[in-house]
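Single-structure report; data block below.
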Amino acid sequence: MTATSGTPDATAPAGTFAAAGTAGATHPAGPTAATAENPGPRAAAPIGVLVVDDDFMVARVHRAFVERVEPFRVLGVAGTGEQALTAVGELRPDLVLLDLYLPDVFGLDVIPRLRAAGHDCDVMVISAAREADAVRGAVRQGVVDYLLKPFEFEDLRVRLERYAVQRGRLLGTVVRSQADVDRVLAGATAQTATAPALPKGMSVETAELVERTLREANGTLSASECAALTGISRVSARRYLEYFHTVGGAEVSLRYGVAGRPERRYRYRGAVTGPALPRAGRP
């Protein structure tokens with residue numbers, strides 16, 4: 001199997017994956033990969049990503065989402081399990097966004113083949129698979145996260161930022177005692193009070209305000225209602241509410257209207273600690 005890279009090639013054969021630098025290529029027929037734009041000179045500490053999805057339009061959206069989050073860079077896109085294995089070997093990504101329903105192999109079966117080949121890249125599952133067996137299998141395979149389709153940019157952004165924080169912690173860890181080991185394991189398995197600060201662009205003060213507003217609400221709140229009560233923008237309110245949902249502090253329900261997309265409504269579930277509100281050490 002050959003890989004397309006460097007020069008755009010509209011005649012790339014079926015069964016190839018698209019590496020960064022093939023942005024001008026035409027997507028061939030069949031379960032082949034979409035193209036990925038050349039990220040150019042790398043910024044400090046970039047995190048390379050391989051997007052794996054057999055639907056090239058979906059893969060294109062996922063790629064665009066990833067490129068909006070620093071310091072992530074899409075290195076390539078693959079449309080089958082075999083393409084993913086080849087792409088990982090050639091592109092050496094740090095993170096693989098892996099769909100499970102691939103045309104040639106079930107996505108989770110790709111992971112042990114990656115490990116057998118000596119690749120230590122992390123894997124985040126992005127799939128419509130809601131079966132408990134799929135989720136349990138993903139956990140047993142050591143995936144860093146599991147995101148259900150369909151989702152919005154904020155859903156993925158929060159998970160990517162959380163992964164970047166955890167990855168930085170793991171890479172920077174120096175083990176001198178059992179406490180160092182416990183700290184790393186706690187960060188990998190649960191959101192704890194010793195976790196670092198909020199993702200970039202979010203403040204503890206605003207997080208506390210949104211959390212308090214949600215806690216004191218009578219029932220559920222929409223992002224617009226939260227914005228009106230707190231005095232922040234609707235976009236900011238939505239971002240904090242979605243983050244609380246991700247870390248377990250809020251649950252989401254959908255309210256369907258006469259027309260348009262359903263409204264997402266949030267209900268308080270419990271105190272948010274860990275990366276959302278790093279209470280430990282605060283005055």
Side-chain angles (χ1 to χ4, degrees), residues 20 33-37 39 43 45-79 84 87 93-102 107-108 110-111 121-130 134-135 138-139 141-168 188 191 195-196 198-202 207 223 234-252 254 261-262 264 266 272 274-276:
T35 58
E37 295 180 2
I47 298 176
V49 177
L50 173 69
V51 175
V52 182
D53 199 293
D54 67 321
D55 187 323
F56 79 94
M57 290 299 294
V58 171
R60 182 180 299 174
V61 172
H62 293 179
R63 182 187 67 192
F65 281 177
V66 172
E67 291 286 4
R68 292 170 60 184
V69 184
E70 291 293 338
F72 295 88
R73 296 291 182 271
V74 175
L75 304 179
V77 178
D94 302 298
L95 177 66
V96 176
L97 302 187
L98 179 65
D99 186 20
L100 297 187
Y101 295 138
L102 300 174
L108 290 183
V110 172
I111 301 177
C121 54
D122 292 314
V123 177
M124 181 184 299
V125 170
I126 296 183
S127 177
R130 288 170 166 78
V135 178
V139 172
Q141 295 283 8
V143 302
V144 298
D145 216 323
Y146 194 113
L147 179 58
L148 286 174
K149 297 177 181 179
F151 60 89
E152 299 185 12
F153 168 67
E154 286 297 308
D155 299 315
L156 180 59
R157 181 194 59 76
V158 167
R159 285 165 172 79
L160 289 177
E161 290 179 344
R162 185 170 61 194
Y163 166 76
V165 169
Q166 176 63 13
R167 182 173 184 271
Q191 304 299 336
L198 290 157
K200 183 178 179 181
M202 299 175 71
R234 180 187 176 281
V235 171
S236 293
R238 171 68 180 274
R239 184 180 182 191
Y240 282 93
L241 290 169
E242 284 293 330
Y243 189 76
F244 289 163
H245 170 52
T246 298
V247 299
E251 60 183 22
V252 175
L254 299 180
R261 289 162 46 172
R264 292 173 70 85
Y266 305 83
V272 178

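We use all heavy atoms of the structure for the numbers below, so side chains are in, but hydrogens, waters and symmetry mates are not.
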Pair E161-Y243, side-chain donor/acceptor within less than 3.5 Å: no
Check: R238 and E152 side chains under 4.5 Å, non-hydrogen atoms: yes
Grab the two heavy atoms, one from C121 and one from P93, that are nearest each other, plus how far apart they are. CB-O, 3.2 Å
With rounding to the nearest 0.5 Å, note down the distance linking CD1 in I47 to CZ in F72. 4.0 Å
M124 and L95, any side-chain heavy atoms less than 4.5 Å apart: yes
One should read off an interatomic distance between D155 CG and K149 NZ, to the nearest 0.5 angstrom, of 14.0 Å
Side chains of Y146 and L98: does their closest heavy-atom pair fall under 4.5 Å? no
Is the ring centre of H245 less than 6.0 Å from the ring centre of Y240? no
Would you say I126 and L156 make side-chain contact, with heavy atoms under 4.5 Å? yes
Can D99 and V51 be said to form a side chain to side chain contact (heavy atoms under 4.5 Å, CB included), step by step? CA-CA 8 Å; D99 186 20; V51 175; over 6 Å; no
Holding to ring pair (Phe, Tyr, Trp, His ring centres under 6.0 Å), I want the full list of residues that pass it with F153, two or more places apart in sequence or in another chain. F65
Inter-residue atom distance D145.CG - L97.CG, 0.5 Å rounding: 10.5 Å
Between E251 and Y266, is the side chain to side chain contact (heavy atoms under 4.5 Å, CB included) condition met? List the steps. CA-CA 6 Å; E251 60 183 22; Y266 305 83; over 6 Å; no
Validation row: V49, V96 side chains within 4.5 angstrom (heavy atoms): no
Dump the intermediate steps for side chain to side chain contact (heavy atoms under 4.5 Å, CB included) on R162 and V247, then the final yes or no. CA-CA 10 Å; R162 185 170 61 194; V247 299; 4.1 Å; yes
Evaluate the side-chain proximity of V52 to V77: yes if any heavy-atom separation is below 4.5 Å, no if none is. no
To the nearest 0.5 Å, how far apart are CZ in R73 and CG in D94? 12.0 Å
What are the two closest non-hydrogen atoms of L241 and A223, and how far apart are they? CD1-CA, 3.8 Å
For the atom pair CG (L102) and CG (D53), what is the distance rounded to the nearest 0.5 Å? 7.5 Å
Under the rule for ring pair (Phe, Tyr, Trp, His ring centres under 6.0 Å), what residues qualify as partners of Y163, not counting sequence neighbours? none
What I'd like to find out is whether the side chain of Q141 reaches to under 4.5 Å of the side chain of V123, using heavy atoms alone. no
Quick one: are L147 and V125 in side-chain contact, heavy atoms under 4.5 Å? no
Salt bridge flag under 4.0 Å for residues E242 and R239: no
For A129 and A134, the nearest pair of non-hydrogen atoms, with its separation, is CB-CB, 4.1 Å
Can you name the closest pair of heavy atoms from A78 and L50 and give their distance? N-CD1, 4.2 Å
R130 side-chain N/O to A128 backbone N/O, donor-acceptor pair under 3.5 Å: yes
